[in-house]
Amino acid sequence: MRIYLLALVVFFNSVLLVKAQTIQSPDKNLTLKFALQDNGVPTYQLTYKQKAVIKTSKLGLETKDVPSFLDGFTITKTEQATFDENWNPVWGEQKTIRNHYNELLVTLTQKALKDRFIRIRFRLFNDGLGFRYEFPSQPELNYFIIKEEHTQFALAGDHKAFWLPGDFDTQEYSTVTSNLSEIRGKMKAAITDNVNQTTFSPTGVQTPLMMKSKDGLYINIHEAALVDYSCMSLNLDDKNMVLESFLTPDAIGLKGFMQAPTQTPWRTVIVSDKAGDILLSKLVYNLNEPTKFKDVSWIKPVKYVGVWWEMITGKSTWSYTDLNSVKLGVTDFAKAKPNGKHGANTAHVKEYIDFAAKNGFDAVLVEGWNEGWEDWFGKTKDYVFDFVTPYPDFDVKELHRYAASKGIKIIMHHETSGSVRNYERHLDTAYKFMVENGYNAVKSGYVGQIIPRGEHHYGQWLVNHYLYAITKAADYKIMVNAHEAIRPTGLARTYPNLIGNEAARGTEYESFGGNNPDHTTILPFTRLVGGPMDYTPGIFQTQISAYNPENKSYVHTTLTKQLALYVTMYSPLQMAADLPETYNKFSDAFQFIKDVAIDWDDSYMVEAEPGDYLTIARKAKGKNEWYVGSITDENARTATVKFDYLPKGKTYEATIYADGKEASFDKNPQSYTIRKMKVTSKTVLKQAVAPGGGFAISIK
């Protein structure tokens, strides 16, 4: 009997061996193994330097109306390939990106379904794995509906995780740091109030999900090239430490309407034993297609100021009147009584234009310029804005003339109030209006419940809308900065006019009670993995009551940490968010914002630990200038800054904007020092950082 069992085990293992397929990353640190279980269930494993990253995990999709893609598969073909190229992004953290991977393409056939087949494509880079499901055109597969995707990520332990509650409508939560096993117990407290939110599970979390294993591996799970598909969240089996994909449903609970030939987005796993490697990874971008645009000369990074923070703090209003109900085309705003606090008036916008021109900025954002803000929110109102009709005190033509005379652009603002159907009806008219009046960039917003009612911000229907708005904008050579939209998945490589996104808890929350001091030490490892964020830094007046006595919030950083964010929170769209009169009071510190680049030749991770601290150095695009940003959480520390990226044998002058000796984010945030020193590639700087603080360095 023992001999029989042994023979059976040997036979069974040999069958699995025949079915298994293995590839390695170009540097051979990562190994992917694909295999079918005995019932024809696809599985994969991933190891890094022989450490388990993803243990045996199942793959597949559950469908409606047609048999599911879960089991009954046989491997009918495998193909392997290697790819290596360098490409230059239109804008970015580095001038040139290497796209180097080994690929395994597996064709899986369901014999019981008249030889219906799918493909799973794996790409293994030095910094991680990308894989997706592909559905070729074939007689037995045309239209199908996804009920759920069952992609698993079986983890090797109870990792430390940096997570947001899983939600179909918002990412605007504070990140929670805990072991995976603690998510269930911490979920209730993590779900803070938001204007529109739909959570789905006591262990559901969002991507990008950043983790650290007990044996020192940094692991990041996300997705790339999210097109015509539903956004993926992750549901945790906290007994077995298995994450599984959980797609955003539509208004009737279905997850995706598909037509072959088609494919899913890439599922991504970035991994390293160095935290800084996660920040340097361009895996998500590399899994997107090259740009669709032949001419990209009109796409340029933008440094801007704006009529915005004064409304966020309550100093000014978006609305022109205090009416509580208005109808476009019916309400006569010329006869209505102004409230006297409307920020977007012609004279005030000219002041911002003057400030921008004087200090070398590119543009001025103006919010609240158009009719409809009196009852824009919370009414699920369909016809809420028309995007072309200004309030009586906002002279579009005169401001176009005045801004052009100063060499300044005005950034358009399109708030949809979630009424996506209304926005699409007006989109061409709105973009034509922008072109006619000299606007080449728009900040769009999707605050509140989505119309059509029942749709979620991250469902397939909205994913398609966001891309439609971007591609339609490109027809008019307009750049887009979308707020409250889907979190980025690297699509800015394909559509580089997508120069900004919010899709996370930004600086505005400093006026709504504050962001945790560790917030921006985590975001580069999570939200920024898929693309840049319009975080809107640069707040020098940290007590909000200085602008609005009724608002007792305060900014949970020191002043010089705000400077550091221009380097650590990468974006080709950077705002100096505070008021001009405040910057005039701190003109010496403001000099760094004026100087700092927003497009880069290269980036260097000096030191990094998610949730604790981060120091990044970057070389300005086409210049012999470098900028350093360093931030910390609520704990004071001493940063060690090396300058070994500087050309050898040359001496540079560094200007250091640092926390004062008694500085802290909560008690003395405006204490800072500015000093100069000579540096070379051999210099090592020890710099004290205050609690909730940071420092910034310009090197010329």
Side-chain angles (χ1 to χ4, degrees), residues 54-55 57-64 68 70 145-155 157-211 219-223 226 229-256 264-265 267-269 449-450 454-463 484 486-487 489 503-505 522 526-527 530:
I54 305 294
K55 300 192 297 183
S57 300
K58 295 180 181 180
L59 300 166
L61 297 99
E62 179 184 359
T63 53
K64 180 180 183 291
S68 293
L70 293 172
I145 301 170
I146 296 174
K147 290 178 67 177
E148 191 57 84
E149 179 185 323
H150 294 287
T151 299
Q152 292 185 344
F153 304 86
L155 304 172
D158 184 13
H159 301 334
K160 181 181 181 180
F162 303 85
W163 58 274
L164 299 178
D167 197 300
F168 301 145
D169 284 296
T170 187
Q171 296 107 9
E172 294 180 6
Y173 294 113
S174 294
T175 304
V176 180
T177 302
S178 76
N179 286 346
L180 291 165
S181 61
E182 298 175 296
I183 289 176
R184 185 183 298 271
K186 293 180 178 293
M187 182 61 74
K188 184 177 180 180
I191 302 172
T192 51
D193 288 341
N194 201 280
V195 296
N196 188 220
Q197 56 193 143
T198 311
T199 56
F200 64 86
S201 165
T203 58
V205 297
Q206 303 196 38
T207 73
L209 176 64
M210 184 70 197
M211 295 173 287
I219 303 165
N220 184 286
I221 297 176
H222 190 33
E223 60 182 326
L226 174 55
Y229 202 78
S230 173
C231 174
M232 179 182 74
S233 294
L234 299 169
N235 209 15
L236 173 66
D237 172 355
D238 50 2
K239 292 183 179 179
N240 299 299
M241 294 302 146
V242 177
L243 294 160
E244 186 169 306
S245 56
F246 198 92
L247 303 180
T248 304
D250 66 8
I252 58 174
L254 297 173
K255 304 295 183 83
T264 68
R267 280 59 190 99
T268 64
V269 183
Q449 184 178 338
I450 295 296
E455 294 293 340
H456 295 293
H457 282 74
Y458 310 146
Q460 184 184 28
W461 195 86
L462 265 295
V463 166
E484 296 88 29
I486 192 72
R487 50 192 171 271
T489 60
R505 188 179 170 105
I522 297 172
T526 54
R527 162 62 183 77

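For the single chain, residues carry numbers from 1 onward in sequence order.
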Would you say the side chain of [Y] lies within less than 4.5 Å of the side chain of [X], judging by non-hydrogen atoms?
X    : Y    : value
L243 : I221 : yes
L247 : C231 : no
T489 : H222 : yes
I183 : V205 : yes
R487 : Q206 : yes
E244 : H150 : yes
D250 : E455 : yes
Y229 : I146 : yes

Between [X] and [Y], a side-chain donor and acceptor under 3.5 Å:
X    : Y    : answer
S181 : D238 : no
N235 : S201 : yes
S178 : W163 : yes
Q171 : Y458 : yes

Short side-chain to backbone donor-acceptor contact, [X] and [Y], under 3.5 Å:
X    : Y    : answer
T526 : L209 : no
T177 : F162 : no
S245 : T151 : yes
E223 : M232 : yes
T170 : Q197 : no
N179 : E182 : no

_Lys/Arg-Asp/Glu bridge criterion (N-O < 4.0 Å) met for E149, R267_ =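 Between R267 and E149 there is a salt bridge, with a charged N closer than 4.0 Å to a carboxylate O.
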
Below 30° counts as parallel, above 60° as perpendicular, anything between as tilted: where do the rings of H456 and F168 land?
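Ring orientation, 0 to 90° scale: tilted.
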
task = For salt bridge (charged side-chain N to carboxylate O under 4.0 Å, His left out), just list the numbers for R505 and E172, CA-CA rounded to whole Å, side-chain angles, deciding distance to a tenth of an Å, and then say yes or no.
result = CA-CA 4 Å; R505 188 179 170 105; E172 294 180 6; over 6 Å; no

